[in-house]
Amino acid sequence: MIKKISLLIILFIMLILFIQMQFDLKGYLNYFSHEYFLSHTYKDTASSNIVTGIYLDYRLFDSIFEASILLIVVSGIVYMTTKEGEENERVFIFEKVKISNLLTILSRVLYPFMLMFGVYIIIHGHLSPGGGFQGGAILATAVLITYYIDPDKITKFSLIIFLEKLLFISILIISSLSLLTKNVLFTNFIPNQTSNTYRSIFLILLNLLIGIKVSLGLVSIFSSFLKEGRS
Amino acid sequence: MVIIANLIQVLLIAISISIVFSKDNTRVVVFLASFSLLSACLYFLNKAPDVALAEVAIGSAIMPLFYILSISKQREFIVMSHVDDDYLKNEKNQKGKGYLLLENFTDYYKLKLYIFNDAEKAELKGIFRKSNVDLIIEKDESTNTYFLIGKQSSILMNKLAQLVENDDKTIVVKVKESETRD
Amino acid sequence: MNPILSFIIILIGIYGICTSKHIIKSIVCFNLIQTGTILLFLNLGYSEEGHIPIIGEQIEKIVDPIPQALMITTIVIGSTITALALILSIKIFHYYGSLYWKVVFDREG
């Protein structure tokens with residue numbers, strides 16, 4: 001009981017300090033970066049969506065390390081759940097629970113629409129809200145629906161991991177291709193003089209690669225959850 | 001618009017307080033899904049539609065699935081048997097002696113019982129770490145006694161040893177992680 | 001909108017981590033802290049007359065786009081870190097036989 005009361009007192013002191021800091025913060029805020037991004041982004045990166053322009057051109061270095069963290073976590077999870085040696089037959093949880101017909105038929109109807117929506121969000125990432133990360137997550141939920149339709153749809157587990165490594169290497173190669181054409185690392189590799197429609201090819205390509213990589217990573221995490229301790 | 005945003009934020013605080021003070025784990029997961037759905041609305045009111053899309057797809061669809069899968073994995077008791085006689089028989093009229101014992105034990109802890117029959121003697125080295133087996137059952141043919149082999153670190157083995165205390169034919173053996181017994 | 005209300009969510013998450021008895025519940029409290037942090041960051045760049053950061057006609061002011069670009073990566077990384085913690089909790093259950101912090105610390109010795 002004494003521990004909880006002392007914890008509450010410490011949290012209350014933190015709240016008071018935060019309110020005090022909030023008044024001091026007003027002096028430091030300025031609006032310089034808002035005007036800069038509004039006037040320069042379309043000229044520099046050829047994307048209408050400023051957020052996509054930031055994480056695919058100005059701060060591409062951050063996005064590459066984000067993708068590498070995803071790869072490291074997925075490989076750690078796969079290392080902890082798989083057993084070396086020959087593969088036994090897998091026992092999925094959906095085999096024991098009887099799934100109702102309504103759910104399977106509805107998910108069979110919904111599946112192509114979800115795929116279409118995910119691909120739309122990825123490809124329109126530089127024009128409207130969306131992009132590689134969000135579209136990849138929607139694609140992952142679309143693939144997870146196939147577990148309801150057919151429990152052993154995804155059988156080649158090692159192929160998914162191999163594809164993910166390949167996609168990460170191709171993201172690295174495409175983003176460092178600008179060293180040859182512009183002499184600068186990690187920007188758009190198509191020269192500045194060409195029209196904006198051609199320059200947005202780079203954005204669409206990187207969005208597609210990141211989207212497929214994120215969806216494959218989430219699917220492999222899910223299927224290693226199902227396999228855990230069973231094979 | 002400001003009133004709606006403040007109201008949603010007060011609702012978020014109420015949901016988080018009920019998460020901290022609730023005792024049921026599956027109810028916590030449902031609360032978490034509704035929490036992230038409401039916070040996605042709040043991101044959109046903050047004029048950030050990209051973040052709201054990411055939160056709807058990941059926070060309220062994929063993460064509760066992970067939680068529910070891991071909670072269902074934590075209610076299992078996996079038994080691997082090398083015995084092929086009536087000891088672990090499970091039919092309508094007659095249940096084996098060992099099956100009754102294990103059923104009694106798992107009902108006490110509210111676990112689910114899975115029994116894998118493995119006729120061939122597999123290699124025992126490192127099997128606990130790799131494939132999450134909780135208990136191994138073996139039989140000594142000459143003296144007709146059964147051995148229940150489990151981990152020393154698990155707290156469930158103490159209760160199992162208490163259950164079979166006055167039975168001569170079954171013996172509970174506790175093994176350390178690095179030892180092998182053959 | 002109000003930064004003090006979103007800081008209270010972080011404080012509730014810290015209280016939950018310090019007092020929870022079950023491992024799953026302390027993982028959930030990490031997610032609460034993550035949501036509170038995202039709300040604080042989005043609030044830094046918010047302005048009343050700003051527009052959604054997409055370039056169009058007749059737009060003079062926008063919201064600050066840098067915190068939004070950082071927060072998208074936060075959500076994706078947070079989900080994978082949660083999955084790693086859940087896998088570790090399954091391993092802990094099969095090793096110690098229970099998921100309460102008290103039992104785990106007693107068995108550890």
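Chain identifiers are assigned alphabetically (A, B, ...) following the order of the sequence lines, protein sequences preceding nucleic acid strands; residue numbering begins at 1 within each chain.
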Give, as side chain, backbone, both or neither, the part of [X] having an atom under 4.5 angstrom from any heavy atom of chain C.
{"X": "B:Ile58", "value": "side chain"}
{"X": "B:Ser39", "value": "side chain"}
{"X": "B:Leu32", "value": "side chain"}
{"X": "B:Asp24", "value": "neither"}
{"X": "B:Ser22", "value": "backbone"}

So, C:Asn31 and B:Tyr67: side-chain donor and acceptor under 3.5 Å apart, yes or no?
yes
If only side-chain N and O atoms count, and only distance matters, is there a donor-acceptor pair under 3.5 Å linking B:Glu55 with B:Ser60?
no
Check each atom of [X] against the heavy atoms of chain B and say whether the ones under 4.5 Å are side chain, backbone, both or neither.
{"X": "C:Ser79", "answer": "both"}
{"X": "C:Ser26", "answer": "neither"}
{"X": "C:Leu5", "answer": "both"}
{"X": "C:Thr74", "answer": "neither"}
{"X": "C:Tyr96", "answer": "both"}

Between B:Ile68 and B:Val29, is there a side-chain heavy-atom distance shorter than 4.5 Å?
yes
Side-chain contact test, heavy atoms from C-beta onward, threshold under 4.5 Å: evaluate it for C:Gln34 versus C:Thr37 and give yes or no.
no
Can you check whether B:Phe77 and B:Phe105 have ring centres sitting under 6.0 Å from each other?
yes
Counting heavy-atom pairs under 4.5 Å to chain B, which of [options] comes out on top?
{"options": "C:Val63, C:Thr35, C:Ile52, C:Val103", "result": "C:Thr35"}
{"options": "C:His22, C:Met71, C:Lys25, C:His51", "result": "C:Lys25"}
{"options": "C:Ile8, C:Ile72, C:Leu86", "result": "C:Leu86"}
{"options": "C:Val76, C:Thr19, C:Ile87, C:Ile27", "result": "C:Ile27"}
{"options": "C:Val28, C:Ile54, C:Ile62, C:Ile17", "result": "C:Val28"}

To the nearest 0.5 Å, atom OG1 of B:Thr106 lies from atom CZ of B:Arg75 at 14.0 Å
Taking atom CG of B:Leu11 and atom CG of B:Leu42, what is their separation to the nearest 0.5 Å?
10.5 Å
Among B:Asn25, B:Val10, B:Val28, B:Leu53, residue most engaged with chain C (heavy-atom pairs, under 4.5 Å)
B:Asn25
Heavy-atom pair count under 4.5 Å with chain C, highest-scoring of B:Met157, B:Gln74, B:Met63, B:Lys23:
B:Gln74
Step-by-step side chain to side chain contact (heavy atoms under 4.5 Å, CB included) determination, B:Arg27 to B:Phe31
CA-CA 6 Å; B:Arg27 197 175 292 168; B:Phe31 277 141; 4.0 Å; yes
Flag this pair as yes if the NZ/CZ of B:Lys159 is under 6.0 angstrom from the six-membered ring centre of B:Tyr108 and inside a 45 degree cone about the axis; otherwise no.
yes
Crowding at CZ, C:Phe41 (>12 non-hydrogen neighbours, <6.0 Å):
no
May I ask you to decide if C:Gly50's main-chain N or O and B:Lys47's side chain share a donor-acceptor pair within less than 3.5 Å?
yes
